[in-house]
Amino acid sequence: MTIAVICSALLGLLLMSLGFGVSMVRGRTEKLIGHSTDPEDPVHKIVRAHGNTAEYAPMLAVLMLLAARFDPGTWVLWVMAIGTAARFVIVLGLMIGSLEKPNAFRFAGAALTYVAGIVLSMNILVNAA
C-alpha cells in the first residue's frame with residue numbers, strides 16, 4: 001500500500017503544483033482568464049499541462065489505491081511507479097518546445113500513462129473476480 005500512497009501523493013503534488021504554476025504565470029503575464037492559441041504561449045502551455053494532468057492523474061491514483069488493496073506483486077508496484085513517472089514526463093514534454101509539434105517526452109508520457117492505466121485496470125478486474 002505504501003507505494004500506491006506515495007505515487008498518489010506525488011500525483012496530487014504534481015496537480016496542485018501545476019495549478020499554482022498556472023496562477024503564477026497568469027499573474028506574471030497579466031492574462032487572468034483564457035489564453036492565446038499560440039503554441040509557444042507560456043500560459044497556453046501550463047494550462048494544457050495542468051488540464052492534461054487533471055484528466056489522468058486522479059484516475060491513476062484511484063487505480064493505484066484499488067490495486068494496492070489486493071496485495072499487489074512487485075510488477076504491479078513497478079507499473080504504479082512507471083505510471084507516476086509518466087505523468088511527470090508528459091508535463092515536461094508539454095512545457096518544453098512548442099505544443100504544435102510532438103516530442104519524445106509527450107509520446108512516452110502518454111503511451112506509458114495509457115499502458116499503466118490499462119494494466120492496473122485489468123489487474124483490479126482479475127483480482128476482484
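For this chain, numbers begin at 1 and follow the sequence in order.
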Minimum heavy-atom separation for His35 and Asp41, please, with both atom names.
CB-OD2, 3.9 Å
Tightest non-hydrogen contact, residues Gly34 and Val43, listed as O-CG1, 4.0 Å
Leu14 side, atom CG; His50 side, atom NE2 - distance, nearest 0.5 Å
9.0 Å
Under 3.5 Å: donor-acceptor pair, side chain of Arg106, backbone of Leu99:
yes
Residues two or more places apart in sequence or in another chain: which of them pass salt bridge (Lys or Arg N to Asp or Glu O under 4.0 Å) with Glu55?
Arg48
Would you compute the distance between atom CG of Leu18 and atom OG1 of Thr53 and round it to the nearest 0.5 angstrom?
5.0 Å
Which atom names give the shortest non-hydrogen contact between Thr113 and Ala86, and what distance separates them?
OG1-CB, 3.6 Å
CG-CE distance between Leu11 and Met16, expressed to the nearest 0.5 angstrom:
11.0 Å
For Glu100 versus Pro39, what's the shortest heavy-atom pair and its separation?
N-CB, 3.5 Å
For Leu112, the rest of its hydrophobic cluster, which grows through side-chain links under 4.5 angstrom
Ile82
Let me have the donor-acceptor pairs involving side chains of residues 60-75, under 3.5 Å, with sequence neighbours excluded, atom names and distances please.
none

Hey, any chance Met59 and Ile3 share a hydrophobic cluster, counting ILVMFWY side chains that come within less than 4.5 Å of each other, even indirectly?
yes
Can you see which heavy atom on Gly117 is nearest to which on Ser121, and at what distance?
O-OG, 2.8 Å
Look only at the side chain of Lys45 and the backbone of Gly97, and say whether a donor-acceptor pair between them is shorter than 3.5 Å.
yes
Can you find a heavy atom in the side chain of Val91 that is under 4.5 Å from one in the side chain of Arg87?
no
Joint cluster assignment, Leu94 & Leu15, ILVMFWY side-chain distance < 4.5 Å:
no
So CG of Asn123 and CD1 of Ile118: to nearest 0.5 Å the spacing works out to 13.5 Å
Linking I/L/V/M/F/W/Y whenever their side-chain heavy atoms sit closer than 4.5 Å, directly or via other members, would Tyr114 and Phe107 fall into one cluster?
no
Value rounded to 0.5 Å, distance of CD1 in Ile6 from CG in Leu13
11.5 Å
Do Phe105 and Ile90 sit in one hydrophobic cluster, given that two such residues count as connected whenever their side-chain heavy atoms are within less than 4.5 Å of each other, even indirectly?
no
Would Tyr56 end up clustered with Leu92 when hydrophobic side chains under 4.5 Å apart are linked, directly or stepwise?
no
Nearest heavy-atom contact between Thr37 and His44 is CA-ND1, 4.0 Å
